[in-house]
There are 2 protein chains.
Amino acid sequence: MKRLLEEKDAFHDKCRERGLKLTPQRLAIYEAMRYSKEHPSIDMVYQKIKKKFPRISFDTVYRTLITLCDIGLVKPVEGYGYTRRFDPNTGQHHHFHCVKCQKIVDFYDQTYDRLTAPSKIAPGYKILSKKVVVEGLCPDCS
Amino acid sequence: MKRLLEEKDAFHDKCRERGLKLTPQRLAIYEAMRYSKEHPSIDMVYQKIKKKFPRISFDTVYRTLITLCDIGLVKPVEGYGYTRRFDPNTGQHHHFHCVKCQKIVDFYDQTYDRLTAPSKIAPGYKILSKKVVVEGLCPDCS
DNA sequence: TTACAAATAAGAATTATTACTATATAGTTT
DNA sequence: AAACTATATAGTAATAATTCTTATTTGTAA
Ligand SMILES: [Mn+2]
Ligand SMILES: [Mn+2]
Ligand SMILES: [Zn+2]
Ligand SMILES: [Zn+2]
């Protein structure tokens, strides 16, 4: 109980600090995310919130999740949300992705090639690929 | 000239080997990909091909790119083509992605945390994030 | 309490992906 | 060379994901 109140206050403060209004929708979306372990999509959050706020709009969930990213309370899962791309280079290499112009640039790095399976992945998981995702700005965009 | 002929033959052989017909559309799509460095999306390939084959359908490009992946001549760029997901865990960690049920599982690995910037990325690139994404099958799916 | 900038709901528009089906054709058989 | 047939294609529709528009409501500061 006490924790929930403190948390609400912390969220309140964070919003004030950024000049954002503390709306019931925002609080509900933040709380739906807060202890979530499932890395939900926009629609997953929308479906969940709708149970308590039947009139909430998808767009509000959409905008609010982006707002929460902007203020650093949640993060977009890296490597998701981009359209499918194809590569004729089937050899071992890695990619740099420019988050502004969406350019994908090949690079070669032996350290990355040699990465071993993560030690903390529990048995039972079958690993098919292992990839370093490097995101940032290309020279044209920075 | 000689190279182009050999290449066409190599593609021809690969198709025969897999029982696939060598259609002009397939060849055009393969050739559009072959020396491409831009990691094109389906639509980028479609727009390019349309200049030579004004009547080609988007669906043909779509299916053919998947076919080329199946026979190993191109690869989908890993980590693209999934819907956007969000994460309340803003600390340093990594993700396992189940390619079957789309579950995303956190894991922690100091070796991965310590990865340095790729040495082969030219100066001028501004790196914003660097993260290892492991894909495979979770215990429920394997 | 009032004023007003910011946020919301509702729905439309846009873009991305996948599915369907009648027709055409590559590769084979005659 | 002509006929056959399984596969591939064009054209289009359906579905899913993302982003935008607008009228209305609401949180906050004065
Ligand atoms: Mn590449
Ligand atoms: Mn996570
Ligand atoms: Zn760029
Ligand atoms: Zn799974």
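On a predicted model such as this, the values are computed, not experimentally measured, just so you know. In what follows, chains are A, B, ... by sequence order, proteins preceding strands, each numbered from 1. Values reported hereafter were calculated over all heavy atoms of this structure, with side chains retained and with hydrogens, waters and symmetry mates removed.
With rounding to whole Å, B:Tyr46 atom OH is found 15 Å from C:dT17 atom P. Remark: P of C:dA10 and NZ of A:Lys50 are 11 Å apart, rounded to the nearest angstrom. To the nearest angstrom, C1' of D:dA8 lies 11 Å from CD1 of B:Ile29. In this entry the distance linking CD1 of A:Ile56 with P of C:dG11 reads 16 Å, nearest Å. In this structure, A:His12 places its NE2 atom 13 Å from C1' of D:dA29, rounding to the nearest Å. Residue A:Arg18 contributes atom CZ, which lies 15 Å from atom P of C:dA6 at whole-angstrom precision. In this entry the distance linking CG of B:Asp43 with P of C:dT14 reads 16 Å, nearest Å. In this structure, B:Ile42 places its CD1 atom 5 Å from P of C:dT17, rounding to the nearest Å.
Taking only side-chain atoms of A:Leu20, from C-beta outward, the nucleotide of C:dT17, D:dT18, C:dA7 with the closest atom is C:dA7. The A:Arg84 side chain lies nearest to C:dT18 when the options are C:dT18, D:dA6, C:dA10. Listed nucleotides C:dG27, C:dT8, D:dT19 differ in distance to B:Leu22; the shortest reach to its side chain belongs to C:dG27.
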Item to check | Steps toward side chain to side chain donor-acceptor pair (under 3.5 Å) verdict (B:Tyr80, A:His97) | outcome: CA-CA 11 Å; B:Tyr80 289 72; A:His97 172 216; 3.2 Å; yes
Item to check | Verdict with reasoning, B:Tyr46 to B:Phe58, per ring-ring contact (aromatic ring centres under 6.0 Å, His included) | outcome: CA-CA 6 Å; B:Tyr46 175 58; B:Phe58 179 86; 5.5 Å; yes
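An OP1 or OP2 oxygen of C:dA9 is reached within less than 4.0 angstrom by a side-chain nitrogen or oxygen of A:Gln25. At the phosphate of C:dT28, OP1 or OP2 sits under 4.0 Å from a side-chain N or O atom of B:Arg16. Here A:Arg63 does not reach the OP1 or OP2 of C:dA7: none of its side-chain N or O atoms lies under 4.0 Å away. Within the structure, a side-chain polar atom (N or O) of A:Thr60 is placed less than 4.0 Å from OP1 or OP2 of C:dA9.
Between the side chains of B:Asp87 and B:His93, a donor-acceptor pair is found at a separation under 3.5 Å.
Along DNA chain D, the nucleotide nearest to A:Thr23 and the one nearest to A:Ser41 differ in position, and the one closer to the 5' end is contacted by A:Ser41. Ranked by how close their nearest DNA chain C nucleotide is to the 5' end, A:Thr64 and A:Tyr82 are led by A:Thr64.
Under 3.5 Å, the side chain of A:Lys21 and the base of D:dT28 form no donor-acceptor pair of N or O atoms.
Using a 4.0 Å heavy-atom criterion, one finds that B:Pro54 contacts no nucleic acid atom at all. Residue A:Arg26 is classed as a sugar-phosphate contact, given heavy-atom separations below 4.0 Å to backbone atoms only. Using a 4.0 Å heavy-atom criterion, one finds that B:Asp59 contacts the bases of the nucleic acid, with or without backbone contacts as well.
To the nearest 0.5 angstrom, B:Glu135 atom CD is 9.5 Å from B:Cys98 atom SG.
Considering only heavy atoms from C-beta on, A:Val134 stays 4.5 Å or farther from A:His94 through its side chain.
Ring geometry for A:His39 against B:His95 counts as perpendicular: the plane angle is over 60°, on a 0 to 90° scale with 30° as the lower cut.
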